[in-house]
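Structure, as structure tokens:
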Protein chains: 2
Amino acid sequence: MGILGRLSFKDQAFKLREQAVLDATTRMLASKGFDLMTMDDVAGEAGISKPSLYKHFKSKDELATEVMIRLLDDAQDFLARQAPELSPLARLRDLLAWALRVRLEGGLPFLPSTSPQVRAMLTRSLRYVSRAIKLHKMLQGIVEQAKRQGELQADMPTDVILYSYYSRTCDPAVEYLRVYGKYPDEDIVRHMLQVCFDGMSAGRRRADGES
Amino acid sequence: MGILGRLSFKDQAFKLREQAVLDATTRMLASKGFDLMTMDDVAGEAGISKPSLYKHFKSKDELATEVMIRLLDDAQDFLARQAPELSPLARLRDLLAWALRVRLEGGLPFLPSTSPQVRAMLTRSLRYVSRAIKLHKMLQGIVEQAKRQGELQADMPTDVILYSYYSRTCDPAVEYLRVYGKYPDEDIVRHMLQVCFDGMSAGRRRADGES
DNA sequence: AACACCTTTTACTGATCAGTAGAATTTTTT
DNA sequence: AAAAAATTCTACTGATCAGTAAAAGGTGTT
């Protein structure tokens, strides 16, 4: 009777619509933030009705959480696809550049720095937390490698480096540079990377790819 | 008839209560953020009733704006009181350390990085904006001085430095270092300053007070 | 002690918004 | 083309919360 075929076909269409909803949510979260984003907004932006939206995600929290999970998965993918000959520092630079470009293209900040309730919401999701931990451990490994190879300051605790690194992905300086500084996107990425890795003080030379 | 005396006495009590309200709002904003903070919260925290609260501030927006204005005034005061023999870079370090300590003591992040609507609310307030501009110009002068004296990277645009500097005052790394890293406050301040001015990369020596 | 002023309490309005129910309509399948 | 499925539309519920009104209760002033 082709039941399996029919179901999988429906499922495919369903999944496509689901991705469209996630895309719409990403745009809305980036532009209005979680609190000001309404489910009517999302439904309108995705081109479906609110009741249909609830067929996909059973609450606003779940919807936002899934968006963040997809973002973490994308980051994980990016890391996995990096050229293996890159030095640890180059990998970190590369990932941060990717995250900043995602944001500049209307994507989301990576980290739920925004508000306490959003952070609480995410930490309630096991699926989110397990992915965050996995990514964290991966980056921890890279940072420690970079320290051993003399690319990062060895006397700076790894978690200090990592938390600062994460914070750069949601750094408000990005928006200020775009809105008030009127820099093109690539300049913004370049400057953010330089400030992140080299700081503001004078008297420094970039060590780039000295593997 | 002592009318002036009576009025000024009442006024004094009124102003005292007003400061208490601002303190309470600061705490609530720091803990729950603007959206989750209710006027009942603030009234309760300040120990007065909601209608009394509205005798002081005619809306939630105005209340939050006044808190931010007071914060900018405090920053301005801090700058004005700095020892004049400090080098420009030392002044910047000093001010950032102050801002971070304010936050660690339960104060507010300096910058409305939090949400688009909060930023919009603030930019609608002339009193806020004029203070922000004044502080910005002051810091701009200090940064340019520091660049001329070779303390900051001269080839980095001043606005890039400034926006990154502002962002450090509301950097979520602070909270991560406290909650997950369990560092004492002074270590957090020290690490934040080091990351801000020297970056993460290796091969750098601190130039501290080389005026 | 009487008065005037402020504050509190209680209770309300009106708006917004998450989430849902059920009828009408479109699309897909056969 | 008819049947079956999903989707959309309209309208609703219930909760939250900013902001307000008006009566009741304090507090200090004279």
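All chains are named by letter (A, B, ...) in the order of the sequence lines, taking the proteins before the strands, and each is independently numbered beginning at 1.
In this entry the distance linking OH of A:Tyr54 with C1' of D:dC12 reads 14 Å, nearest Å. Taking atom NZ of A:Lys55 as the reference point, atom C1' of C:dG22 lies 11 Å away to the nearest angstrom. B:Lys60 has its NZ atom 11 Å from the C1' atom of D:dT16, to the nearest Å. Residue A:Glu62 contributes atom CD, which lies 14 Å from atom C1' of C:dA18 at whole-angstrom precision. For the pair B:Phe57 CZ and D:dG19 C1', the interatomic distance rounds to 16 Å; values are reported in whole Å. In this entry the distance linking CG of A:Leu53 with P of D:dT8 reads 10 Å, nearest Å. Put simply, CE on B:Met39 is 15 Å from C1' on D:dT16, counting in whole angstrom units. Atom CG in A:Asp40 sits roughly 13 Å away from atom C1' in C:dT20 (whole-Å rounding).
Not one side-chain nitrogen or oxygen of A:Thr38 sits closer than 4.0 Å to the OP1 or OP2 atom of C:dC17. Within the 4.0 Å cut-off from OP1 or OP2 of D:dT7, at least one side-chain nitrogen or oxygen of A:Arg17 is found.
When each of A:Ile133, A:Ile69, A:Thr123, A:Leu71 is tested with A:Tyr128 by the rule side chain to side chain contact (heavy atoms under 4.5 Å, CB included), just one qualifies, namely A:Ile69.
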Could you please spell out the steps behind the salt bridge (Lys or Arg N to Asp or Glu O under 4.0 Å) verdict for B:Glu151 and B:Arg93?
CA-CA 12 Å; B:Glu151 290 185 323; B:Arg93 294 180 73 91; over 6 Å; no
Passes salt bridge (Lys or Arg N to Asp or Glu O under 4.0 Å), A:Arg168 versus B:Asp171? Steps please.
CA-CA 9 Å; A:Arg168 288 314 167 271; B:Asp171 199 307; 3.0 Å; yes
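Put simply, the side chain of A:Lys50 and the base of C:dG19 share a donor and an acceptor less than 3.5 Å apart.
Residues B:Asp23 and B:Thr26 bring no donor and acceptor atom of their side chains to less than 3.5 Å of each other.
Heavy-atom distances to DNA chain C give each of A:Pro51 and A:Asp35 a nearest nucleotide, and the one nearer the 5′ end belongs to A:Asp35.
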